[in-house]
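Note sheet for the following structure.
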Amino acid sequence: MVEDISRIPEHVAIILDGNGRWAKAKGMPRNYGHMQGAKAVEDILVDARDMGIKYLTVYAFSTENWNRPETEVTALMTLLRQYLKSSIKKSMKNNVRCRVIGERSRLSKDINDAITELEDATKDNTGLTFTIAINYGSRDEILRAVRKIAGECADGKVKAEDITEEMIAKNLDTCYLPDPDLLIRTCGEQRLSNFLLWQCAYTEFYYTDIAWPDFDRKELEKACEAYAGRNRKFGGLKDAEDKA
Ligand code: IPE
Ligand code: IPE
Ligand code: MG
């Protein structure tokens with residue numbers, strides 16, 4: 001348990017990895033791992049809220065995940081569709097505001113409709129803000145932002161020399177979110193895989209060998225304890241002994 005509430009990360013982002021390996025180790029198909037992974041997301045959402053985390057962002061499907069076999073992509077889309085639909089009731093009960101980041105035109109119409117419905121229904125909830133990254137790639141997100149700003153420059157609305165970091169951040173899908181304080185990746189991999197490249201400039205990283213379907217409140221607490229012990233400096237000097 002993190003004793004000092006001020007040391008609880010405000011925004012936790014998670015690269016949920018290892019569903020396939022977890023299932024394989026049990027002699028089960030990969031999709032079984034994805035199904036258990038979706039359940040783990042539901043549980044961790046409530047745990048995060050109870051622990052005082054304000055923003056939780058999870059990487060559910062990357063722009064590169066289309067490269068997986070068609071059967072797996074279809075199964076993941078089916079699962080996402082179900083997840084989005086079943087989330088409305090649970091989010092209303094738990095006072096969770098749900099948002100989706102990522103490029104939507106490649107998603108089917110019914111998934112787009114389910115996203116809009118979930119976002120609209122939960123928009124006034126004041127508890128935790130839960131963001132799901134679907135067909136999300138950070139480079140794609142930055143590219144879309146650059147195109148938008150370039151368009152405004154071409155229209156004469158913005159001058160190139162007036163472009164600021166804030167303007168770029170406001171044109172990203174994550175415009176409504178503070179930068180993540182803590183990024184967790186499960187199942188032993190230590191890479192970003194195109195997740196929140198801009199936003200993670202000063203994020204603390206935490207890796208665990210636990211596969212995503214086994215990640216529970218105890219593991220989240222461990223990650224938050226590790227975070228609470230970090231000395232975030234943002235390029236400056238934080239501790240008195242550093243400055244002495
Ligand atoms: C994470 O689990 C979920 C998604 C990327 C959709 P994986 O499917 O990547 O599981 P591994 O890494 O193959 O074990
Ligand atoms: C990252 O996991 C994407 C998601 C968790 C949605 P991957 O399993 O796709 O990443 P790589 O291929 O190991 O880098
Ligand atoms: Mg993986």
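Remember, it's 1-based here, ligands and their atoms both numbered in the order they're listed.
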| task | Can you run down the side chain to side chain donor-acceptor pair (under 3.5 Å) pairs that involve residues 32-45, sequence neighbours left out, and say none if there aren't any? | result | Asn19-His34, His34-Glu72, Glu42-Lys90
| request: Inspect the contact between Glu141 and Arg144 and indicate whether a charged nitrogen and a carboxylate oxygen are less than 4.0 angstrom apart. | output: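 The answer is no: the pair does not qualify as a salt bridge.
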Any non-hydrogen side-chain atom of [X] less than 4.5 Å from a side-chain atom of [Y]?
X: Phe61; Y: Arg68; answer: no
X: Asp50; Y: Arg217; answer: yes
X: Glu103; Y: Thr63; answer: no

Are there any protein N or O atoms under 3.5 Å from the N or O atoms of ligand 1? List them with distances, or say none.
residue, atom, partner, partner atom, Å
ligand 1, 2 (O), Gly18, N, 3.4
ligand 1, 2 (O), Asn19, N, 3.2
ligand 1, 8 (O), Arg30, NH2, 2.9
ligand 1, 8 (O), Arg68, NH1, 2.7
ligand 1, 9 (O), Asp17, OD1, 2.9
ligand 1, 9 (O), Arg68, NH2, 2.9
ligand 1, 10 (O), Gly18, N, 3.4
ligand 1, 10 (O), Asn19, N, 3.2
ligand 1, 10 (O), Gly20, N, 3.0
ligand 1, 12 (O), Asp17, OD1, 2.9
ligand 1, 12 (O), Arg21, NE, 3.4
ligand 1, 12 (O), Arg21, NH2, 2.7
ligand 1, 13 (O), Arg30, NH1, 3.0
ligand 1, 13 (O), Arg30, NH2, 3.0
ligand 1, 14 (O), Gly20, N, 3.4
ligand 1, 14 (O), Arg21, N, 2.8
ligand 1, 14 (O), Arg21, NE, 2.8

| said: Between Lys123 and Glu119, does the salt bridge (Lys or Arg N to Asp or Glu O under 4.0 Å) criterion hold? Intermediate values first, please. | reply: CA-CA 6 Å; Lys123 70 177 186 323; Glu119 288 187 332; over 6 Å; no
| request: Would you check if there is a donor-acceptor pair between the side chains of Thr131 and Arg99 at a distance under 3.5 Å? | output: no
| message | Would you say Ser62 and Asn65 are linked by a side-chain donor-acceptor pair, where the criterion is simply a distance under 3.5 Å? | response | yes
| remark: Residues passing the ring-ring contact (aromatic ring centres under 6.0 Å, His included) test with Trp198, sequence neighbours excluded, are none
| request: Using a strict cut-off of 4.0 Å, indicate which atoms of ligand 2 neighbour a heavy atom of Arg191. | output: 11 (P), 13 (O), 14 (O)
| Polar protein atoms near the Mg ion (ligand 3) [N, O or S; cut-off under 2.8 Å] | Asp17 OD1
| note | The reported gap from CG in Asp214 to OG1 in Thr186 (rounded to nearest 0.5 angstrom) is 10.0 Å
